[in-house]
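Okay, structure first, notes after.
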Number of protein chains: 2
Amino acid sequence: MAPTARRPSRVAKLPPRERILDAAEELFRDEGIRRVGVQAIAERAETTKMALYRHFGTKDELVAEWLRIVAADYRAAFDDAEAEHPGLPGEQILAVARFVAEGLPALTYRGCPFVNSLAELPDRAHPARQVIEEHKAHQARRLLGMCTEAGLPEPEQAVAEITFVLEGAQVSAQNGSVDQVGERVMRIVEGVVDRRRSAVSGTSVG
Amino acid sequence: MAPTARRPSRVAKLPPRERILDAAEELFRDEGIRRVGVQAIAERAETTKMALYRHFGTKDELVAEWLRIVAADYRAAFDDAEAEHPGLPGEQILAVARFVAEGLPALTYRGCPFVNSLAELPDRAHPARQVIEEHKAHQARRLLGMCTEAGLPEPEQAVAEITFVLEGAQVSAQNGSVDQVGERVMRIVEGVVDRRRSAVSGTSVG
DNA sequence: ACCGTACGATACCGATCGGTATCGAATGGC
DNA sequence: GCCATTCGATACCGATCGGTATCGTACGGT
């Protein structure tokens with residue numbers, strides 16, 4: 001007998017709160033926020049709306065909690081990048097870029113959760129907006145640290161360029177061919193780091 | 001004779017269809033698609049839901065029609081770029097970038113309509129999705145033409161880089177300080193064109 | 001064994017949504 | 001002047017939404 005063969009994942013064993021978060025993550029990412037009702041989330045989590053409201057109080061708060069988890073993943077990517085390439089900010093930047101590039105295929109059908117949430121939540125007072133804002137600020141801060149430590153001239157400009165490229169790549173991956181997007185984004189970021197590192201010696205930069 | 005009871009003749013009011021499109025453009029851009037009801041659109045257009053459905057049949061079709069108009073604006077930007085800088089593909093590229101950069105402030109609160117729509121319409125069968133896809137393809141085709149004509153090596157890579165930057169800039173503008181974003185994106189695109197033009201020391205660029 | 005808590009199930013609420021039906025008034029072409 | 005078409009207004013429909021109330025039960029700490 002195989003009592004564990006109930007569901008593909010032993011989701012049923014996790015406490016309701018975790019199951020709800022897993023279900024929300026999946027549904028929000030694949031179908032959007034507004035499109036998904038709390039009922040659908042509860043059903044996929046094999047629980048009820050009541051449990052959802054007992055734990056999160058509001059759908060909006062559940063959305064915010066979901067984004068907090070996604071933001072934590074990105075933060076971990078920065079931590080890993082620094083841990084794996086200590087004292088090598090250039091490699092750290094590339095590692096972060098690689099994290100994004102490797103995540104692109106998973107975003108093929110649906111884009112960046114933060115961008116999508118921003119699109120779906122025009123209300124600046126929405127609790128999720130604060131999470132997004134902090135995430136963006138954190139990401140910029142970490143990147144700025146790496147670019148500065150790497151000795152890139154005009155580190156802010158470098159951060160902007162890297163940010164635009166990574167963000168744009170995620171957006172572009174949402175539509176067309178994705179496989180090449182990963183390679184292209186890596187080549188671009190490599191170019192940013194290399195070019196700016198070697199640019200210090202000659203050209204007249206403002 | 002009395003200029004009228006019913007309709008003020010002070011300014012020739014546009015036909016209902018145009019008023020609806022204007023209202024839809026404004027509301028969809030500022031508050032999103034799903035968040036805005038047909039009732040709200042009709043009211044802002046100073047007409048009724050019935051008129052809306054008589055002209056567009058469906059809210060989804062209205063969304064698609066709105067995006068067709070937005071896409072036409074972008075297409076016009078490409079046309080203008082080519083018309084104003086005939087035979088100078090590099091300048092054309094910069095003109096297109098400038099068009100996007102100058103449009104950033106208007107996107108401060110809400111981002112790119114296409115990206116937002118993509119986020120709000122996960123259903124690939126939605127009529128608007130086809131409009132978006134064609135728009136992206138068109139944009140890539142035009143950019144590829146310019147990059148190729150400019151003699152840039154690996155024009156596809158250049159197109160990817162420009163596309164990512166422009167797309168990413170629009171996304172980034174949605175959040176933080178915008179003023180610098182315009183300048184930064186121009187400097188980046190200038191860098192792409194210049195750097196790649198001078199990168200080929202051995203090949204003859206015609 | 002007891003009891004407080006969390007959980008599951010269900011029924012319900014008010015609001016809003018996209019879309020339709022209907023009807024009177026205005027308008028423009030002939 | 002006549003008539004077909006368009007437009008405006010309103011009332012309505014079924015569905016779905018976020019959120020709440022209620023109630024019985026399963027479980028864990030003491």
Side-chain angles (χ1 to χ4, degrees), chain A residues 3 6-7 10-24 27-28 31-67 117 120-123 125-129, chain B residues 1-24 27-28 30-66 117 120-123 125-129:
Chain A
R6 221 164 118 54
R7 286 262 305 170
R10 338 287 189 258
V11 167
K13 290 307 281 182
L14 282 81
R17 188 171 196 277
E18 312 305 318
R19 299 204 308 264
I20 293 171
L21 281 172
D22 285 346
L27 291 173
F28 286 156
E31 305 183 24
I33 297 173
R34 303 189 68 89
R35 203 182 172 91
V36 172
V38 289
Q39 174 86 25
I41 298 173
E43 283 178 4
R44 178 173 290 248
E46 296 182 41
T47 179
T48 62
K49 271 167 55 174
M50 276 314 301
L52 190 154
Y53 280 100
R54 269 194 279 258
H55 282 289
F56 302 96
T58 291
K59 181 187 179 183
D60 291 344
E61 260 308 319
L62 175 59
V63 174
E65 195 63 26
W66 161 55
L67 289 180
S117 298
E120 290 201 83
L121 308 173
D123 182 7
H126 194 287
R129 293 293 295 257
Chain B
M1 55 183 80
T4 174
R6 233 196 101 35
R7 234 231 346 89
S9 57
R10 45 175 182 178
V11 176
K13 207 195 258 183
L14 283 79
R17 189 171 196 279
E18 312 305 319
R19 299 203 309 266
I20 292 171
L21 281 172
D22 286 346
L27 290 173
F28 285 155
D30 291 348
E31 305 182 25
I33 297 172
R34 301 187 69 89
R35 205 183 170 90
V36 171
V38 288
Q39 174 86 25
I41 298 173
E43 283 178 3
R44 178 172 293 248
E46 296 183 47
T47 177
T48 62
K49 270 168 56 174
M50 277 314 302
L52 191 154
Y53 279 99
R54 269 194 281 258
H55 282 288
F56 302 95
T58 291
K59 181 188 179 182
D60 291 344
E61 261 307 319
L62 175 59
V63 174
E65 194 62 26
W66 162 55
S117 298
E120 290 201 84
L121 309 174
D123 182 9
H126 194 288
R129 292 293 292 258

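Below, read A as the first sequence line, B as the second, and so on, with proteins coming before strands; counting in each chain starts at 1. These values consider heavy atoms only, across backbone and side chains, with no hydrogens, waters or symmetry-generated copies.
Taking CD1 of Ile33(A) as the start and CG of Leu62(A) as the end, the distance is 9.5 Å to the nearest 0.5 Å. To the nearest 0.5 Å, atoms OG1 (Thr58(B)) and CG (Leu52(B)) are separated by 9.5 Å.
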> Can you give one letter per nucleotide of nucleotides 19-29 of chain D, 5' to 3': B if a protein heavy atom sits under 4.0 Å from the base, S if only from the sugar-phosphate, - if neither?
Replying inline: BBB--------

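Rounded to whole angstrom, the span from the CD atom of Glu43(A) across to the C1' atom of dG8(C) amounts to 13 Å. Separating the CG atom of Leu52(A) from the C1' atom of dA6(C) is a distance of 15 Å, rounded to the nearest angstrom. Regarding Arg19(B), its CZ atom lies at a distance of 12 Å from the C1' atom of dT6(D), rounded to whole Å. Atoms CD (Glu120(A)) and P (dC17(D)) sit 14 Å apart, rounded to a whole Å. The separation between Glu31(A) atom CD and dT16(D) atom P is 14 Å, rounded to whole Å. When rounded to the nearest whole Å, the span between CZ of Arg34(A) and P of dG18(D) equals 9 Å. Between Ile33(A) atom CD1 and dT16(D) atom P the separation is 21 Å, expressed in whole Å. Protein atom CD1 of Ile41(A) is 14 Å distant from nucleotide atom C1' of dT16(D), rounded to whole Å.
Under the 4.5 Å side-chain criterion, counting only non-hydrogen atoms from C-beta, Ser117(A) is not in contact with Phe28(A). At a threshold of 4.5 Å between non-hydrogen side-chain atoms, the residues Glu18(B) and Pro15(B) count as touching.
When all heavy atoms are compared, the tightest approach of Pro127(A) to Glu61(A) is CB-OE2, 3.6 Å.
Between His55(B) and dC7(D) there is a side-chain polar atom (N or O) within less than 4.0 angstrom of OP1 or OP2.
Among residues two or more places apart in sequence or in another chain, the side-chain contact (heavy atoms from CB on, under 4.5 Å) test is passed with Arg35(B) by Arg34(A), Pro122(A), Asp123(A), Glu31(B). Applying the side-chain contact (heavy atoms from CB on, under 4.5 Å) criterion to Ala128(A), with sequence neighbours excluded, gives Val63(A), Ala64(A), Leu67(A), Leu121(A), His126(A). Partners of Arg17(B) under the side-chain contact (heavy atoms from CB on, under 4.5 Å) rule, at least two apart in sequence or in another chain, are Leu21(B), His55(B), Phe56(B), Glu65(B). Scored by the side-chain contact (heavy atoms from CB on, under 4.5 Å) test, Ala45(B) finds Arg19(B), Ile20(B), Ala23(B), Thr47(B) as partners (sequence neighbours excluded).
The rotation axes computed at either terminus of the helix from dA1(C)-dT30(D) to dC30(C)-dG1(D) lie 20° apart, taking five pairs at each end and rounding to 10 degrees.
Using a 4.0 Å heavy-atom cutoff across all strands shown, Thr47(B) reaches sugar-phosphate atoms only and no base atom.
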